[in-house]
Amino acid sequence: MPRSRLQRFWSGYGGYVLGFVSLVVIWHVAAVFVVGSVLFPPPVVVYRKAIVLIRNGVLFEHLSASIQRILAGFLAGSLLGIPIGLVMGSFRPARKVLEPYTEFLRFIPSVAMITVAVIWFGIGEASKIFLIIYTTIFIVILNTAAGVSAIAPNKIRAAEALGASRAQIFCHVALPATVPYILTGMRLAMANSFTTIVAAELIAANEGLGKMLWDGRMFMLVDDIFVSLVTLGLLGFVVDRMFRWSIYAFAGKYSPAT
Amino acid sequence: MALVSFHDVRKTYRSLQGVDYSAVEHFDLEIEAGEFFCLLGPSGCGKTTVLKMLAGFEAPSAGEILMDDRPVTGASRDRGVVFQGDDSLYGWLTAVENVEFGLRMRRVPRSERRRRALEFLDLVGLAGQADKYPSELSGGMKQRIQLARALVNEPKMLLMDEPFAALDAQTRALMQVELASIWQAARTTVLFITHDIDEAVTLGGRIGVMRAGPRSQVKGVVEVSLNGARSRTDDTFLRYYKQVYEMIRDEVATSIARSA
């Protein structure tokens, strides 16, 4: 029995384990044998530095600052974006009125908004949260609206013929049918939030993973830079897995096609 | 006194090229309460347009459609609909939750609506599949859910838009037999759209044969007096088949020539 469980683990996660191991090995080989410079530390050095930064609490301080900003902005952006997307997808006049906003603003990258955000909100939390909301909201709106317009007309018609009111159709048909699209939009928005938060913290912040990168450059702490980079990668990976898992958990039920 | 009557109905659509064409024009039809009416016609003859207008999904461009002497102005639970494809089912709800949908919208108490939904799932032969999601069920089972979902809502009339067209031949034949027996028990008025003569003769009390579109109308109505189980090898069955076939043959030829 334990053997078969092990086999199952390997068939499910073996590829991942192999992939991550090879990543670390290639990194090590490149750092030690190919580059051989203090500017490119091997995994062991970065690992030791990470332990130090975890023990003295510095890494956690930066990590939690970044996570809090991302979560606050991401949740606020999603909570604003979902209803706006639903309204845009459901009502043609609303779409016409709101489209100029979404179609204009979504082409201004959030990174380009950093200067304005800092001028308006200072270098504190407000400017970061504003930027993450800005990053999140348009992707969530567009995906939600696309999800609403992708609903099979017969789903709506069937509800009408079963006696549902417009409000009931909205709550019991349009909303659940759109859930997979909303989750996909949120997943993409989360990925973009990482880019934005690092860029914002690079330019103006007192703590955060981006600030850690900037300090590393200022004081030539190459190991710190690598700890920050690896943390970003791992954090993004974990968060994205969580999203993929929840989309998968819902997708069986909330499949848009059937 | 007919339950449903179409008076001089026209439905005009605009094509993507901006050309107007009428799917049906000067269309008249009466459906009596309690009858099983099959509307038969070649593809593109506008039979689904007729159903959509009666369902209230689309408004006629001219003329009027009356049900119980009142004009049809929109969809209502008086007219339950069974669609051809399975895209009308709610994939996030189980079979029994799909069937309950109409009752839930009317705020029928939970235990009451569950009991009735299970009753109708049983009627359509899906008693054991109540907790499955549509994606876990076969095409025939999904059409059964649609049928139960419409029937549990107690409509005055059932509109069926080629409900078995997408099923394989064996399942289709089985579903026809079961629908006939469900109808024998329920006696709801049915408008059944089909392009299949065999299906029309198997199910229909009256068969309305449509002309080739556009500007289609009912060419003629055949009354089928076959009682109980209808056998495809029965002489009377074959006679009706032949009669309907001869009516529709030229229309199919015209339809093919027009679309070529």
Side-chain angles (χ1 to χ4, degrees), chain A residues 78 82-83 85-86 89-92 143-187 243-258, chain B residues 48 51-52 54-58 72-94 97-108 113 132-137 139 142 145-161 163:
Chain A
S78 299
I82 292 167
L86 287 171
S90 307
F91 308 105
R92 194 179 286 270
N143 269 275
T144 307
V148 175
S149 35
I151 300 171
N154 282 347
K155 280 191 171 48
I156 310 286
R157 289 176 179 155
E160 286 173 356
L162 290 166
S165 66
R166 278 192 78 114
Q168 284 177 322
I169 291 173
F170 187 80
C171 295
H172 296 284
V173 181
L175 189 56
T178 311
V179 166
Y181 288 87
I182 294 174
L183 287 176
T184 304
M186 287 171 71
R187 185 179 163 212
F243 259 100
R244 273 175 68 164
W245 175 82
S246 65
I247 289 172
Y248 176 78
F250 279 113
K253 282 174 73 171
Y254 291 85
S255 163
T258 52
Chain B
T48 295
L51 181 134
K52 281 181 180 164
L54 179 53
F57 300 147
E58 289 180 3
V72 169
T73 51
S76 114
R77 71 178 198 89
D78 286 350
R79 281 154 276 127
V81 181
V82 176
F83 299 87
Q84 180 180 343
D86 56 13
D87 64 351
S88 77
L89 288 174
Y90 304 122
W92 56 91
L93 301 177
T94 60
E97 287 166 346
N98 266 284
V99 175
E100 281 180 342
F101 191 86
L103 302 175
R104 197 168 125 219
M105 295 303 108
R106 266 160 43 217
R107 302 195 167 77
V108 174
R113 69 178 192 237
K132 295 240 173 84
Y133 288 96
S135 56
E136 300 174 286
L137 299 173
K142 287 191 250 195
I145 299 177
Q146 280 208 62
L147 184 58
R149 181 175 72 172
L151 286 173
V152 74
N153 222 24
E154 292 171 332
K156 284 189 187 150
M157 171 164 205
L158 197 57
L159 310 179
M160 305 183 79
D161 185 10

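Each chain gets a letter, A, B and so on, in the order the sequences are listed, and its residues count up from 1.
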inquiry  = Please check if the number of heavy atoms outside B/Arg106 that lie under 6.0 Å from its CZ is greater than 12.
reply    = yes
task = Mind running side chain to side chain contact (heavy atoms under 4.5 Å, CB included) on A/Arg157 and B/Lys52 for me, showing each step along the way?
result = CA-CA 10 Å; A/Arg157 289 176 179 155; B/Lys52 281 181 180 164; 3.8 Å; yes
note = One option among A/Gly163, A/Ala164, A/Ala158 has the most heavy-atom pairs under 4.5 Å with chain B, and it is A/Ala158
Looking at [X] and [Y], would you say the former's side chain and the latter's main chain have a donor-acceptor pair under 3.5 Å?
X: B/Asp87; Y: A/Ala152; answer: no
X: A/Glu160; Y: B/Ala75; answer: no
X: B/Tyr90; Y: A/Lys155; answer: yes

inquiry  = Can you give me the closest heavy-atom contact between A/Ala161 and B/Asn153, atom names plus distance?
reply    =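 Looking at all heavy atoms of both residues, the shortest contact is O-ND2, 4.3 Å.
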inquiry  = Give me the atom names and distance for the closest heavy-atom approach of B/Trp92 to A/Val173.
reply    = CH2-O, 3.6 Å
message = Could you check whether any side-chain heavy atom of B/Phe57 comes within less than 4.5 Å of a side-chain heavy atom of A/Ile156, counting everything from C-beta outward?
response = no
query = Going from CZ on B/Phe101 to CD on A/Gln168, what distance comes out if it is rounded to the nearest 0.5 angstrom?
reply = 7.5 Å
task = First locate atom CG of A/Leu162, then atom CZ of B/Arg104, and finally report the distance between them rounded to the nearest 0.5 Å.
result =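 Between atom CG of A/Leu162 and atom CZ of B/Arg104 there are 11.5 Å.
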B/Gln84 portion near chain A, given a 4.5 angstrom heavy-atom threshold = neither
